[in-house]
Structure formats: C-alpha cells, structure tokens
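Report on the following structure.
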Amino acid sequence: MSVESQLLRFTTAGSVDDGKSTLIGRLLYEAKGVYEDQLASVRNSSVNRSTGPIDFSLLTDGLRAEREQGITIDVAYRYAATPRRKFIIADTPGHEQYTRNMATGASTADLAIVLIDARKGVLVQSRRHAFITALLGIRYVAVAVNKMDLVDFREDVFRRIETEFLAYANSVGLKNVAFFPISALEGDNITEKSARTPWYQGTPLLEHLETVDLGEGHNFTDLRFPVQYVNRPTLDFRGYTGQLASGILRPGQTVMTLPSGRITKVKSLPSFDGDLAEAYPPMSVTVCLEDEVDISRGDMLVDPARVPHVSRRFAAKLVWMHETPGEAGRDYLLKHTTQTVRAQIARIRHRIDINTLAEQPANKLELNEIASIQIETRRPLFFDAYAQNRTTGAFILIDAITNATVAAGMIEESTADSLEPLQLGSLEFSGETEATVTPAERYKRAGHYPATVWLTARQELAGMLERKLFDLGCSVHVLADDRESHLLPELARVLNSAGLIAICSIASPDQTEARRAQQLAGDTRFLLVDPQQLPVKDEEASEVLMKMLEDRGVLRRKERFEVGEGI
Amino acid sequence: MESRVLSHLRALEAESIHILREVVAEFSNPVMLYSVGKDSSVMMRLAQKAFHPARIPFPVLHVDTGYKFKEMYEFRDNLAKELGLNLIVYANQAALDAGANPFTLGTQKCCAQLKTRALLDALAAGGYDAAFGGARRDEEKSRAKERIYSFRDKFGQWDPKNQRPELWNVYNAKIEKGETIRVFPLSNWTELDIWRYIELEKIPIVPLYFAKEREMLVRGNSIIPLEHNYPIQIGEKPEMVKVRMRSLGCTYCTGAIRSEAETLPQLMEELVQFKRSERENRIIDHDTEGSMEIKKREGYF
C-alpha cells in the first residue's frame, strides 16, 4: 500500500452458512489484514467450526454472543490492504431479520459481494441481497459462487446460477454484475486463477476488487455543498465548512445559497495547508464567500444553473429499522445532509415484497420492511433523487420521543404526487440536464429565473402582473383556465422549462392542482398566495407579488442584468 | 485532465474532519479524550485542520492514571502550550490516595479504577454530552462493531446488541440529558494508515515510539519498563535493551518490543515485516477471551 493508493469500500451479503465469514477471513489473510497473534488466538480458540486447521470465520465474528450462537449479528468493519488499494469491508449478516444491517453496510459501499452457495443456488435471500444492493445504489456487484469444491467445480452449476441471478439483477436495475466461481475454504479463484476451473475466463476475486474503476462514480457537475458549521474565530473571518457532496468548488465561481436563493461568488478556499485552487468530492473544506450573506448550518451552496429540488414534499423508498412500526401521521425527525427537520410520513403508498417485488397495500411498516412512501416536512429540503446523488438523496428518520434511528430513506426521482400523469400527447419536457440550451443560458438571456405564480379569482391582477413583469424585461405568460384547468400545472411546467414566468389564473380554488403545480415547479419557484392575504387593490397586490418574486431570488429589479460568470 | 480520486489517506482525512465538525455543530459540550499516543496525535491534527484558522473549539481531556511515562507528560504539556489547548487533566484521586496501583491490584481492577472509573467521573464532572476518542476498529474484534457515534446510557455503558443503525455519513446525535455519545473519528483508520499519515503530515509524536537503548526488565517474552518503582523479583536485573513502544499506555501494561527502528520509514518497514497486532503487548486485552468487550460494556473506551 502506498501513500497514493485508493480506498474501496465494499459490503458482503450472504445467507447463513454460505461461508461469508470464511471468505472475509480468507481475504483478510491474503490481503495481510490479519496479524500473527490474532491467527494464533483463533488457532487456540475452543471453537472450530471448519474442517481445516484454521477456522477463518473466527477472525471476523467479533462478539461473544454471536460466537456462542455461531452467527454474525451486527455490522462489523474490517480492513485490509494490497499494494494497490485499501479496503474497508462492511461485514453484514445474512440472517433474515437483519435487513437493516445489510442496508447499513450497503449505504457507504462502492461494491457488494453477494455470496451464493453453489449447492443451493439462488435463494430467496440472494434476491433480497440483490434488491437491497440496488436500493442503496451500490455501483458494482461481485457474485461469489462459493463452495465450488462441493459441486466438483462444475461449469453448468456456475452458469445456471449466473443466468438466474442476472435475470433478477436486471429486473431490479443492477448494473456491473460480475461472477466468480470460488472456494473460500480452499482458496480457489481468490488471489489466483484456480487450476480446477479451466473453463473460467475472468479474474480472481481479489484482483477484481483491486481494479474496479472508482473515479466514474463521482458527480463533478452539480455543485452541492451542505453547510455543516460556520467557523467565525474573528469578526473578519467567516468560513462555511462542510464536505462536498458533488460538483467542484473554485475561487471566483458563482454559487447560489439555498434557501435564500441569493447569488454570490466563492472568495477563497482556505485550509490548514494554504488556500486551495479547487475542491472536489468527498473533500471536507472551508468556503469563504465574496458577499456578506446570512448562511447557517443546514443551508446549501449550489450551482445556480443546476439547482436541486426544493420542496416540503417528496416520494421516497424507506427501509424500516426498528421494532416499533412506522405509521403515517406520526411525528419524526428527519435528518438530511446537515439539516434536521420535523417530518411525517404523509402516506404509505405500498410495501414492497423484496422476494417477489410485489407491491402490497400497508397501513404501517414493520421492522425490515421496505416501502414506497410520501414524506412531508415542516421546512423545505434541498434534494436530488438518490439515484442521482447518494448524499443529497438520502435521509434518516429519528423517533421524536425515543431518539432511536427508525428508518433509512432514499428519495425517488419523481417528486410529483401519485396522481395519474396527464395525457399530453407527444409533448415532451426538455430534460434539464440533457437540453442543448441549458437553464443557465436561458437565465443569462432572460435575466431572471422561471417561476409559477398561482392566482385564484384575480383575473385582472394576473393581467397587471404580467404587464409589470413584461415591462421590466421578463419573459412571462398568463395561463387562464377556461375548460382544461387540470392541464395548468403541466403547462406552467413547460413554460418554466422554457425559462418563462407562468401566471396561472384560475376561477375557483383547486387545492389539488395547486399542489401539483407546486411539486412540478419546486417550492422556491412557486408562488401560491392566499387570496385573503393579498391587498384588494390590484396595483398594491401586484407590488406585493413582485416583492415576493424578488425575495425568492427569481428576479432582481435593481441589478437585473448583472449575471455572474460561470453560469 | 488529472484524476479527481482522493488517495485513501485524504479520503480518510475528509471523513474524519466531517465527523469532528458534525459533533461540534450538533452537541452543546463536546470534549476530546487525549491519551498522548500516536492516534491522539493524529486526531489532534485533524481537529486543527477541521477548524482552521480557529483554535480547537473544545477542551481536551487527559485521564491520567499517574502511571504514564515521563516523556508522555512532557510531550503533552508542550503540545498543549503550542496549540493553545484547553487541557484538562483528571485522575481518580480517591483511588490513588487509597493506594491503587497495577502491581498489587492486578491489571483488571487497576484499569477499572484508574481508567474506566476516572473517565466516567471526568465526563460527568465536565457535563460533556459528546466525547471524541481515538479508537480504531482494526485494533480489536469487539471494536470492529463499534459505531462512529457510539451511544452510552446514563451509566456510560455500551450495549452492543442495541446499537443505532448508522447509514451514509448521516449521524444521529439525539440524546437525553445524562446520556452521552462517544465519537470515534478514526474508526476507519488502520495502524499503518496512522503511521503513514504521521509521516505525510510530519506530526510530532512521543519519542518512545522510536527505538533507543533503554533500561528495561526482561522477563520471559516480556520487556518491561522500570518507571514508577516497578517491583523487581529476586534474581532479576535490569539491562539496557534497544527497544521501542508499539502503543503507549501505563508503563506497567505497555510491553516494549526489541527494535532497530529509529525513524518513521524504518518503523513502517518493521510494521509491514512483523505481523503482530499492536495491542498484543497490552496486557489488559488478553486477561480473558473477550476481555475488551466486557470492559467496553462497563464504560471503557
């Protein structure tokens, strides 16, 4: 291992008696993660469950309780290194009731080793492991078909398992799956290709672990910097500290602060070792900004051209991790990046049977169950889908009374409600990341951000607001509901993605549509005003609305055309 | 384009700094346990980095048994001065006054009084709600299951069967009054990582880690330092041996090893060569099988 070697975090999953502990013990032994005295203490141990001279599994089974029961009961972390890589191994139990431990180990892993007993083939548990691996967003899967020695190293046995597992892996969306015919006990295809599997063309398992590409998993494009702690040792130093979740930070770069929506620039990246020229994930850094802006823990610095979703409502997958069942309507604390907010499960959409992938109705969530749910938080969160960003898409739920960590959540792609999608023919929304004209370019030309204003029973106000915004140089359009009011949220969304401010003027209150429009636009870009709160006079009311749009950073009247570099 | 993959040491550094800042942001009264050893030295450097240009924003607590090496005390006091640390030294004075010592009490009872009891009392006296420790998961098997945020009940006890699940880098800092969290920023570091980082960062460490001719008592496989009036048995005679300490504890419980390693590169070379785990020379871990787990349940770090 050199100073420049890289770090691979992997997790292991297997059923009881798949030989998982033996495999890890073997990997530790081969990768020099075991010391002589530890080996001696295993040799001297009163227990030897193996047939060989060394019971490798004893190297990894840490606690007395489980040593006595003969099963691994909690996540344990192991360390090994070869000249090329350092490994952090999350050793997780395969026992049925410990799904939560596997999810825990998987949450930080780049790769998962799924063990399958060659004699037993793909079991219910193997599918569960594959499902959780996919759910927690692990990029690489190595399927270790173990105990090949007990099936005479037959290729047909291996191929059958390969075919069956791949079919399931595809159905849950797993990519980068590789298969290894091994014997952990006898050491076949662990460090060297085994002479007993001449039909196997791939690399030994350890070599695979040393060579999988670690660079491609990082997102260097979408800046996400959750502010952890504001460092203010003196009156003239104010540094925002945190760990970069994605994107790159450089001095001079234009950034937006959330939730305020204010735009400023990075002044410097001071560090103990001098100012940095750039920072990239997962570095922990300190950021100083050009302007005096009011930022505290829980806020986020983002790229103004690639903003995250900002909302109090989103859909998520949840792994329930506690004996006390989860229920809709109960109060929880939700910790997401560096923010902790009060939250409720607004609705349990369905439970997922991880053996069959069937969706089942559910009123509550039991330990180790996985469900698709709707979350509602007291304050808006700034998030991305978990599939896009493993940091800004992840959260935990904490019981507000017992303080126990009760669930792990992965935010889903869609933040819209479960309402049926509307039929808009061949109309397609331009994807914000793949568009040839980016939102940043639209912003640069328009001088303002897109937004949706939702007005009920104020047709004339809608017209006046449109006029004022237009005269200011904004691209704006009123959408009035004649007959097709249910189309307004989507139409507003289309205008927004074209960079326009959409004013939806509807005749009578419609909460459902308003909510959907809000979800499509995102909280900071959506203005829903209680008609009771708005001045009766249109002139005054339009000024209030203009002010609100300014406050949210949608437009800036005074310095409207000053657009920072880099966006 | 140059590669933007952090080396493993920088990745570990980033993780540890994130943990240090998270605790300072979320707890009202954190403290850092400082043992003067190499792991503590690394943890201190990480804290300097996490809060630069500010000083380390929490007190540093040394639980002193009174049986440490003289060189450790000197090193500690110099470092505290240099970094402007708020250093708190705590000892179980009642037990020391009653004559507690490892020679007559036995290592288990001595440790329970002078380390575990002293630690729990010190934490209670300071009203700390979080305490950083430099323990690593690779040190010992029961430590491999330790969380980064390790919940302790009102009595400072660890319940390995009822640990909070810990996912991503999202740590649960919620506790009630009287409960505490032990935080281990170095959880994912190995002994070799620590040494490589000390070399990379040029971190000062206690000279006892390097080989030198020292007056020692050789008894069987053990090489025992003679500070604190170690009771010599009839027929035994101290001799000069070229040794170094692989880990630093109390003089009686820290066995020395014969070594020629006078520099960091030599030391790491030696470490890679002889594959004996570092706590092996610590007497306390080996009293009975699983002894560390029993001690941890009672409140030991």
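Letters A, B, ... mirror the listed sequences (proteins, then strands); counts begin at 1.
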When you measure from the side chain of A:N389 to the backbone N and O of A:Y386, does any donor-acceptor pair fall under 3.5 Å?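 No, A:N389 side chain to A:Y386 backbone: no donor-acceptor pair under 3.5 Å.
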Is it the backbone or the side chain of [X] that comes under 4.5 Å from a heavy atom of chain A, or both, or neither?
X	answer
B:R45	side chain
B:R147	side chain
B:E15	both
B:E13	neither

Residue pair [X] / [Y]: nearest heavy atoms and the distance that separates them:
X	Y	result
A:R342	A:A400	NH1-CB, 3.8 Å
A:V319	A:T99	CG1-CG2, 4.5 Å
A:L381	A:Q339	CD2-NE2, 3.6 Å
A:R100	B:P165	CD-CG, 4.5 Å

Would you please classify the geometry between the B:W195 ring and the B:Y209 ring as parallel, tilted or perpendicular, with 30° and 60° separating the classes?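 B:Y209 vs B:W195 ring planes: perpendicular.
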Under 30°, 30 to 60°, or over 60°: which ring-plane class applies to B:Y171 and B:H18, parallel, tilted or perpendicular?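 Geometry flag for B:H18 against B:Y171: tilted rings.
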[X] versus chain B, heavy atoms under 4.5 Å apart: side chain, backbone, both or neither?
X	answer
A:S271	backbone
A:L397	neither
A:L136	side chain
A:I248	side chain
A:R232	neither
A:T234	neither
A:V285	backbone

Tell me, out of [options], who's got the most heavy-atom pairs with chain B below 4.5 Å.
options	value
A:P233, A:S284, A:P281, A:A408	A:S284
A:A394, A:G105, A:S107	A:S107
A:Q228, A:Q243, A:R390, A:Q6	A:Q228
A:H218, A:R297, A:H336	A:R297
A:I88, A:L7, A:T108, A:T104	A:T104

Side-chain donor-acceptor pair under 3.5 Å between A:Y77 and B:N188, yes or no?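 No, no side-chain donor-acceptor pair sits under 3.5 Å.
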Let's test your reading of the structure: which of B:V170, B:L12, B:I175 forms the most heavy-atom pairs below 4.5 Å with chain A?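 That would be B:V170.
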Top contributor to chain A interface from B:E26, B:E201, B:Q48 [non-hydrogen pairs under 4.5 Å]: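 Winner by heavy-atom pair count: B:E26.
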Centre of A:F220's six-membered ring, under 6.0 Å away, within 45 degrees of the axis: is that where NZ or CZ of B:R4 sits?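 Output yes; distance and angle both within limits.
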I want to know whether A:F395 and B:W168 have ring centres closer than 6.0 Å.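 Here the rings of B:W168 and A:F395 have centres that are no less than 6.0 Å from each other.
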So that I know where these two stand, are B:F51 and A:Y229 an aromatic pair - ring centroids less than 6.0 Å apart?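 Yes, they do, as the ring centres are separated by less than 6.0 Å.
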